[in-house]
Amino acid sequence: MSGRIFARLVLCAMLGSSLLRQPVLAQTHVAEPPVNLGDTNFLDGIAGPGYVLEQIADGGHDGKIVGASGNAVPGTGSVNSISGLTHLAWLSHKRIAGGWYGVEVVGAAADVDAGAQGRAGGVGALTVSPFILQWTEHRFLHMPVEQRVTLDFQLPVGGYSRSSGVNIGSNTFAVNPYYAITAHPTKRIETSWRVHYLWNSTNNAPPLSTGASSTQAGQAIHFNATAGYNIYKGLWIGPNAYFLSQITDGRVNGVSVPDSPERVAAIGPGMVWNRHKWFFYANEYQEFGARNRATGQKLVLRVEKVF
């Protein structure tokens with residue numbers, strides 16, 4: 001597969017099954033907004049000048065909601081969701097600091113069924129990046145390596161209502177930059193990593209059920225990782241994983257909420273098949289080690305076309 005083919009510039013602020021976390025725990029926990037947990041994986045750091053158009057479909061089933069101790073929260077049930085994201089990105093032939101410059105935008109929509117908590121559907125947050133830098137292949141310890149940095153902003157345009165316990169939007173602005181890298185230890189083996197930092201603004205109109213005048217989700221670090229093996233031409237298979245850890249407490253009315261940071265890890269099988277300028281992905285995840293969030297299984301299907 002040519003490293004010059006433009007692909008995998010999928011942004012950090014994906015909906016995915018993480019969409020469920022915010023509405024379900026809103027009354028007792030300042031939840032993190034939806035972010036990219038497992039939506040990007042194999043060959044992630046590889047790209048080149050051109051365009052990419054991509055559609056992602058996520059299906060999630062969270063069988064339980066856990067608190068700070070990792071035990072199920074009484075009185076909460078399962079949550080099911082389907083979400084879709086449409087992604088358009090572009091890299092120019094011009095360079096800054098040795099890297100190709102580019103931009104991207106992602107629109108989202110989802111339907112979430114939280115049982116007794118309620119149900120919501122509609123348009124989600126809009127994520128834009130005015131700044132992508134993608135570097136060409138170089139060698140590190142004799143391994144081909146490609147890497148990218150992206151500055152993403154999540155805009156609060158999704159559906160939101162103070163009177164609802166389930167919302168598609170979070171009514172906040174977020175900054176979510178990332179660094180992505182793909183390395184090939186051997187010709188048939190790849191490992192890709194994408195590491196994000198997340199900062200959230202204050203929500204000055206939180207759900208009425210919270211009884212609060214303002215809330216702010218804590219800062220977080222999250223990453224995706226894969227190890228792929230090229231079994232035949234454009235077909236790669238292997239394990240994929242993700243991890244999120246909140247590094248500062250959430251705040252309610254400007255006061256930190258103790259024992260509130262979220263955490264979750266997941267691992268599962270995945271594959272990508274490349275034919276000409278088309279790429280087809282399928283990835284499955286089983287979550288574990290969750291704290292202060294819903295937890296369960298996730299399936300991601302993705303198709304992209306490069307131009």
Are [X] and [Y] connected in the hydrophobic side-chain network, where two residues link if heavy atoms are under 4.5 Å apart?
X	Y	result
Leu301	Met271	no
Val145	Tyr179	yes
Val195	Leu133	yes
Ile237	Val303	yes

Is there a donor-acceptor contact under 3.5 Å linking the side chains of [X] and [Y]?
X	Y	answer
Thr191	Trp193	yes
Asn224	Asn240	no
Ser69	Asn71	yes
Gln216	Ser201	no
Asn253	Ser213	yes
Glu262	Gln246	no
Asn283	Asn41	yes
Thr150	Tyr178	yes
Arg251	Ser256	yes
Asn200	Gln219	no

Notebook entry, point to check: With a 4.0 Å cut-off, would you call Asp44 and Arg148 a salt bridge?
Noted result: yes
Note to self: Strictly below 4.0 Å, N to O, side chains only: are Asp58 and Lys298 in salt-bridge contact?
What the structure shows: yes
Notebook entry, point to check: Do Tyr242 and Tyr285 have ring centroids that are under 6.0 Å from one another?
Noted result: yes
With sequence neighbours excluded, tell me which residues meet side chain to side chain donor-acceptor pair (under 3.5 Å) with [X].
X	result
Thr182	Ser192
Ser129	none
Thr202	none

Item checked: Minimum heavy-atom distance Gln134-Leu91, with the two atoms named -> CB-CD1, 3.7 Å
Next item on the list: Could you give me the CA-CA distance, side-chain angles and deciding distance for Glu146 and His138, then say whether side-chain contact (heavy atoms from CB on, under 4.5 Å) is met?
Entry: CA-CA 7 Å; Glu146 297 193 48; His138 71 279; over 6 Å; no
Item checked: side-chain hydrogen bond (donor to acceptor under 3.5 Å, both in side chains) evaluation trace for Asn203 with Asn171 -> CA-CA 6 Å; Asn203 182 356; Asn171 196 40; 2.7 Å; yes
Note to self: Clusters formed by hydrophobic residues whose side-chain heavy atoms approach within less than 4.5 Å: which one holds Val255, and what are its other members?
What the structure shows: none
Next item on the list: Please assess Glu190 against Thr226 for the test side-chain hydrogen bond (donor to acceptor under 3.5 Å, both in side chains), listing each intermediate value before the final yes or no.
Entry: CA-CA 8 Å; Glu190 72 87 39; Thr226 65; 3.0 Å; yes
Next item on the list: With sequence neighbours left out, write down each residue that passes side-chain contact (heavy atoms from CB on, under 4.5 Å) with Val123, or none if nothing qualifies.
Entry: none
Margin query: Both conditions, 6.0 Å and 45 degrees, for the charged tip of Lys305 above the ring of Tyr51: are they met here?
Written below: no
Notebook entry, point to check: Would you call Ser78 and Asp62 a side-chain contact if the rule is heavy atoms closer than 4.5 Å?
Noted result: no
Margin query: Tell me which pairs pass ring-ring contact (aromatic ring centres under 6.0 Å, His included) where either residue lies in residues 246-275, with sequence neighbours left out.
Written below: Trp273-Phe280
Next item on the list: Begin from the C-alpha positions of Val66 and Asn292 and carry the test side-chain contact (heavy atoms from CB on, under 4.5 Å) through to its verdict.
Entry: CA-CA 5 Å; Val66 300; Asn292 291 314; over 6 Å; no
